[in-house]
Amino acid sequence: NGDDLLRPLESCISDAERFKGAATLELTCTCGAHFTFGGIQESPSYSVTFSGIHCNGCGTELSSLRITSQLERLIRKHISLYYAGWVECDDVSCGVHTRQVSVYGKRCIGNTGRSVGCKGVISYVYTDRELYNQLLYLESLFDVDKARRQELRPLQDDRDDKSSPDSGEMKKGISQSTLDALAEQNRDTFRAFQSVVQKYFEQCGRRYVDMASLFNFS
Ligand SMILES: [Zn+2]
Ligand SMILES: [Zn+2]
């Protein structure tokens, strides 16, 4: 299936690079605080402890149900974005942005909608690859082994923008021994969150193959 095809190709890219464009998982606490959850790593807004994910604002542990429902909401949003099937023309002077797929496949339907007047090629605005990458990213957030190896996408993508002169300063973060312990303590609960994502992988993996073959976009 598509999942198996994509994984090996991308396995040599770092998560920081691979998931740069992926939407972050925003969690909202019962106290109303919002924060970006980036897995087991240093954050001013949340802490992962032996008993799960805690809001730093109020100290409350976020329930599994709360995390799962916010995770699923984000996944469904991206799946519907993909299935909305928006396509656009690669010719900037044409500017066709439509949900209508021409009988000529990848050929632009043009402004008349009759496949005349434009030599551009249309493609999905939100691609199957982006959807897969989004799901992979969300799955990675709960990968405790990646967290131990400090391979997660950093919470701040644009570290280079920070023009701090003391780059030789010790990198702040969670110590390796604490990371190791947190990984083991949260392994089972985090695996349950990963299985939420995996359920959607299977579901849209099948449909995505159907859609790709239907429109000959694969
Ligand atoms: Zn809170
Ligand atoms: Zn066009």
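Every number for a ligand or one of its atoms is a count from 1 in the order of the listing.
- Although no hydrogens or angles enter the test, the distance criterion places a donor-acceptor pair under 3.5 Å between the side chain of Glu130 and the main chain of Thr127.
- Under the ring-ring contact (aromatic ring centres under 6.0 Å, His included) criterion, the residue pairs touching residues 55-80 are His78-Tyr126, with sequence neighbours excluded.
- Using a 30° and 60° split on the angle between ring planes, Tyr46 and Phe35 fall in the parallel class, below 30°.
- For the Zn ion (ligand 1), the set of protein N/O/S atoms nearer than 2.8 Å consists of Cys29 SG, Cys31 SG, Cys55 SG, Cys58 SG, ordered by chain and number.
- With salt bridges taken as basic N to acidic carboxylate O contacts below 4.0 Å, one links Arg148 and Glu184.
- For Gln198 and Glu139, the side-chain atoms include at least one donor-acceptor pair closer than 3.5 Å.
- Excluding waters, the protein N/O/S atoms found under 2.8 Å from the Zn ion (ligand 2) are Cys89 SG, Cys94 SG, Cys108 SG, Cys118 SG.
- Taking the side chain to side chain contact (heavy atoms under 4.5 Å, CB included) definition, one finds that Leu179 meets it with Ile40, Gln150, Ile174, Gln176, sequence neighbours left out.
- Glu61 CD to Ser47 OG: the interatomic distance, rounded to the nearest 0.5 Å, is 12.0 Å.
- Put simply, the side chain of Thr36 does not reach to within 4.5 Å of the side chain of Leu25, judged on heavy atoms.
- Using a 4.0 Å cut-off between charged side-chain N and carboxylate O, Lys146 and Asp15 make a salt bridge.
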